[in-house]
Amino acid sequence: MSRNYNFKEIEEKYLKEWEENKLFKSTEDKNKEKFYVLEMFPYPSGKIHMGHVRNYAIGDVINRYLKMKGKNTLHPMGWDAFGMPAENAAIKSKIHPAKWTYENIDYMKKQLKRLGFSYDWDREIATCSPDYYKWNQWIFLKMFEKGIAYRKSALVNWCPHDLTVLANEQVIEGRCWRCDTPVVQKEIPSWYLRITDYAEVLLDDLKELEGKWPDAVITMQKNWIGKSIGATIKFPIENSTAVLEVFTTRPDTIFGVTFMVLAPEHPLVLELAKGTDYEDEVNEFVNKYTTMSTRERNIIEEKEGVFTGRYAVHPITGEKIPIWTANYILWGYGTGAIMAVPAHDERDHEFAKKYAVPIKPVIKPVEGDWDYEKEAFTEEGILINSNGFDGLKSSEAKEKITQYLEEKGIGEKTINFRLRDWNISRQRYWGTPIPIIYCDECGIVPVPEEDLPVVLPENVEFTGMGNPLEKVEEFVNTKCPKCGKPAKRETDTMDTFIDSSWYFLRYCDPKNDKKPFEKEKVDYWMPVDLYIGGIEHAVLHLLYSRFFTKFLHEEGLVDVKEPFTKLLTQGMVLKKWIKIEKLLELYNLDENAKLSDLAKALGIDTKLEDKTVKQFLEENHLTLNDNAKLLFEKLKFPMNILTKLEEEYGKSDKMSKSKHNTVDPDEMIQKYGADTVRLYTLFAAPPQNNFDWIESGVEGANRFLKRVWNYVNDISEDIKDVTYAHEDFKNLNKEDKDLRRKLHQTIKKVNDDITREYQFNTAIASIMEFFNSLTSYKGENKKILKESVENLILLLSPFTPFIADELWRIIGNTGYTIQQKFPEADPSALIEEEKEIPVQINGKMRGKITVPADASEEEVLNTALENENIKKWIEGKEIIKTIFVKGKILNIIVKG
RNA sequence: GCGAGAGUGGCGGAACUGGCAGACGCGAGGGACUUAAAAUCCCUUGGCCGCAAGGCCGUGGGGGUUCGAUUCCCCCCUCUCGCACCA
């Protein structure tokens, strides 16, 4: 009689043993092939969620698998520990951000351990620790030295109530996400990193990532960098010494310019309008747009603009061209001004139509007609109305006209990028202090390297207004490192994306207190061979990390030019849920129904107060839009009824607290165990897909493990002392041979599936399939049983390591499965003597025949012709030809 | 609008280079065990026709290439994601 599958006891036992035996520690070993597998580190928000579980389960399988394959792996974990939630917690509940963060780290670390993830915890880092952010500052100083870090004043989102800069995503519908105050554009000085210097190489090197990174991510980065080739052209302004510079990708359309447009933010706008009849109108217009939030500015659909009252002079023809300002021109791209060619640009065309500006065609389609009053023609064509350039193809004209402009000194070829320099200043406490000192005498002075780190002061007051650091006198007031006179510290802290832009390097040498990392160690481990995380970081984090790597490479600090060889973007874990409204709808009820009516409809027999649903919702502060789960909880209705309804009628959504559709990993582990949770998340779908968390699926995974547990326990006494060698498997009977072939086919498939695009779902499916064959095996060959069970356990080990280790002992072994060699298929076991192959007549499946595996076409055809069912289709007809693929198919083509 | 990706049973998904569509799991139906339920075990499960043998249809829709198409090509439809006046 076997014991029950007590996952709790098993899992806790091995957690202890693994830790005591330092099973997951990694050190450099030049004799072994290395593999660096990394998962994006979490923000310590409090508890891990299912998305983390999935992300880290994927990485863990790879790490365990490759360790068993003999690779020297690096698999570290840490904490992206700076950021706003900690500071908000401080403002709200007066807990210091450090305390809040470290408590969360403690809790989440326990959770990750509980799931059996094989991290080398000796390499753990927390970015909020001075040991770590010291090196943020060190890298910043290197960048400052090279002119990559610089300070400038520019327009940013500013909350006038909280007195801080807000990131774009912190501006909700034009208002501050915290205090609801309308956000304005404000010009303030900030620190920037000159990522645009690397635009070309960041774009070019994407080619190296093709086939290794998802196409979607590569495309998104390409678009984000947004390279375009064109020309800058200078337009003189009538009655002025000022010159208007524009960027265009269509210099071939220069003879079609009928107006110029400036962004409302363009400094020339107000200057030009001054003293004209249009001055007031222009002032009003500019004011309207410059006080708008970035968000509002983005929502605008209708094009709007005003004439400035001034004219530019066409640099080739000398024509007078009216200068406008309009909302559809972006300040920050190109020169913030354009030459408008309504005939050949849709946006300019729309604007010209609205304001009745003339449209002048200068390119005609190669074939067919086109009415320039109706729509813009933006494709390749032949030049017309263009002085000496008529008849040229537009692509040729681009070159020729640009050349002409360069010769005349009125323009030049220009490459423009959409990518902007990276504003890293945050008027926030919980981040890395920017190591800069302002001195009245010496100006901007970098903190000397030996004075690093500039440590965050601990005694700080959090009011939610402005940057707390500004009020810390002992932090702000310092001495100039150059002249020794009193000076002030920079109080901006760094964007937390800095922290994550190089953490993968620090893992290679996490305790170094002399430098960010030892080059030798980084060169051994880098690049990250497999990086796993959500696609939401497709641009920001992944682009920043590439940028940092390239900078550090130039500085000679790392050998690699790209940090992440292979990128796996895992899908989200979703959960279906039902609104209260929908629940009522399903039973043809409305909010005026009695609670007892609802209970009756659901088939629940309990005593309830005599109230309507509406009354009950109001008393409990619920609305029809809330999750029906909340109503079920309040009414103490059985949840399994709701679960069924959710799975049938629910809407899939990303798990979120506001929707109350989260599934707590802790609860799941308690109910089913870590092995089951891991197995389910890996089996439910391929890693790249989203999937719905369905509890009956979890039960299925659990059921499988229980079956394996019972089977191995039942058979363990019989096979415990059995040994086997390769010679034992000669001259087997059919049944034994079949099982053994199935085993080795499974081994082959599991190896293939894990290696090929991480198809864990199919790998697990094939293990299940093998297990089904094993349980229906009627033979009595103990050696084959032992081989099968032993390999089954090892195949499961990367996915469900706890149960694997326990079963490993139960069948008489010692040690841990992760220390074993991962199974390799025995080629001799894979050989099939007979094969069932399908037979088609005229391409339609008509039957299957069993033939020797190496049978020739003739033999197969003869066997096929003897088959009754196939005969039926051929009788009285003439065989024209046959198509035969050895071991695969026979297709007989007949006529008549 | 532009760009990328995807449409396969009731559901998640499989089918790797064109070669037996639906592996594996969930759900559902039936049965065994049980006083009963749960758990467990066994059988069935794409649709239609048929007692059965078997046949017909079937991978979003239409067309094409091929002995043979979920897979390749063309057109259309739908969905998801990203970017969104980037001159």
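Here is how names work: the chains are called A, B, and so on, in the same order as the sequence lines, proteins then strands, and each is numbered from 1.
- With distances taken from any side-chain atom of A/I338 to the nucleotides B/rA87, B/rC41, B/rG19, the minimum falls on B/rA87.
- Using a 4.0 Å heavy-atom distance criterion, A/G334 is classed as making no nucleic acid contact.
- Put simply, A/N689 has no side-chain N or O that comes within less than 4.0 Å of OP1 or OP2 on B/rG5.
- Look at the P atom in both B/rA15 and B/rC72: the space between them is 14 Å, to the nearest Å.
- Under 4.0 Å is where a charged nitrogen must lie from a carboxylate oxygen, and between A/K354 and A/E304 no such pair does.
- Within the structure, a side-chain polar atom (N or O) of A/R703 is placed less than 4.0 Å from OP1 or OP2 of B/rU40.
- At B/rC11, none of the side-chain N or O atoms of A/W693 fall inside 4.0 Å of OP1 or OP2 (strictly under the cut-off).
- A/D752 comes within 4.0 angstrom of no nucleic acid atom, judged by non-hydrogen atoms across all strands.
- With the nearest nucleotide of RNA chain B identified for both A/K227 and A/A765, A/A765 has the one nearer the 5' end.
- Residue-to-nucleotide contacts include no donor-acceptor pair under 3.5 Å from the side chain of A/K881 to the base of B/rC67.
- If you check every strand for non-hydrogen atoms under 4.0 Å, A/K848 touches a base.
- Salt bridge A/K303/A/E350: present, at least one basic N to carboxylate O contact under 4.0 Å.
- Glycosidic torsion of B/rG60 falls outside 90° of 0, placing the base in anti.
- The existence of a salt bridge linking A/D753 and A/K749 is confirmed by a sub-4.0 Å separation between a basic side-chain nitrogen and an acidic carboxylate oxygen.
- Here A/R846 does not reach the OP1 or OP2 of B/rG54: none of its side-chain N or O atoms lies under 4.0 Å away.
- A/S228 comes within contact range of the sugar-phosphate backbone alone, with a heavy-atom separation under 4.0 Å but no base atom that close.
- Between the side chain of A/K303 and the base of B/rC85, at least one donor-acceptor pair of N or O atoms lies under 3.5 Å.
- Minimum atom distance to the side chain of A/L330 is reached by B/rA87, of the listed B/rA87, B/rA21, B/rG19.
- Phosphate contact (OP1/OP2 of B/rA23, side-chain N/O of A/T762, threshold under 4.0 Å): absent.
- Across all strands, A/F691 comes closer than 4.0 Å to no nucleic acid atom at all (heavy-atom distances).
- Listed pair A/K844 / B/rC57 meets the phosphate criterion, a side-chain N or O lying under 4.0 Å from OP1 or OP2.
- Distance from the side chain of A/K749 is smallest to B/rC16 among B/rC24, B/rC16, B/rA14.
- Look at A/E648 and A/K576 and you find no salt bridge, because none of the NZ, NE, NH1 or NH2 atoms lies under 4.0 Å from a carboxylate O.
- Close to B/rA28, at under 4.0 Å from its OP1 or OP2, lies a side-chain N or O of A/K644.
- Residue contacts shown for A/E769 are limited to sugar-phosphate atoms, with no base heavy atom under 4.0 Å away.
- Remark: aromatic rings of A/Y672 and A/F7 are distant, center separation not under 6.0 Å.
- Between atom NZ of residue A/K398 and atom OG1 of residue A/T253 there is a gap of 9.0 Å, rounded to the nearest 0.5 Å.
- In this structure, of B/rG68, B/rG25, B/rA87, it is B/rA87 that holds the atom nearest to the side chain of A/F247.
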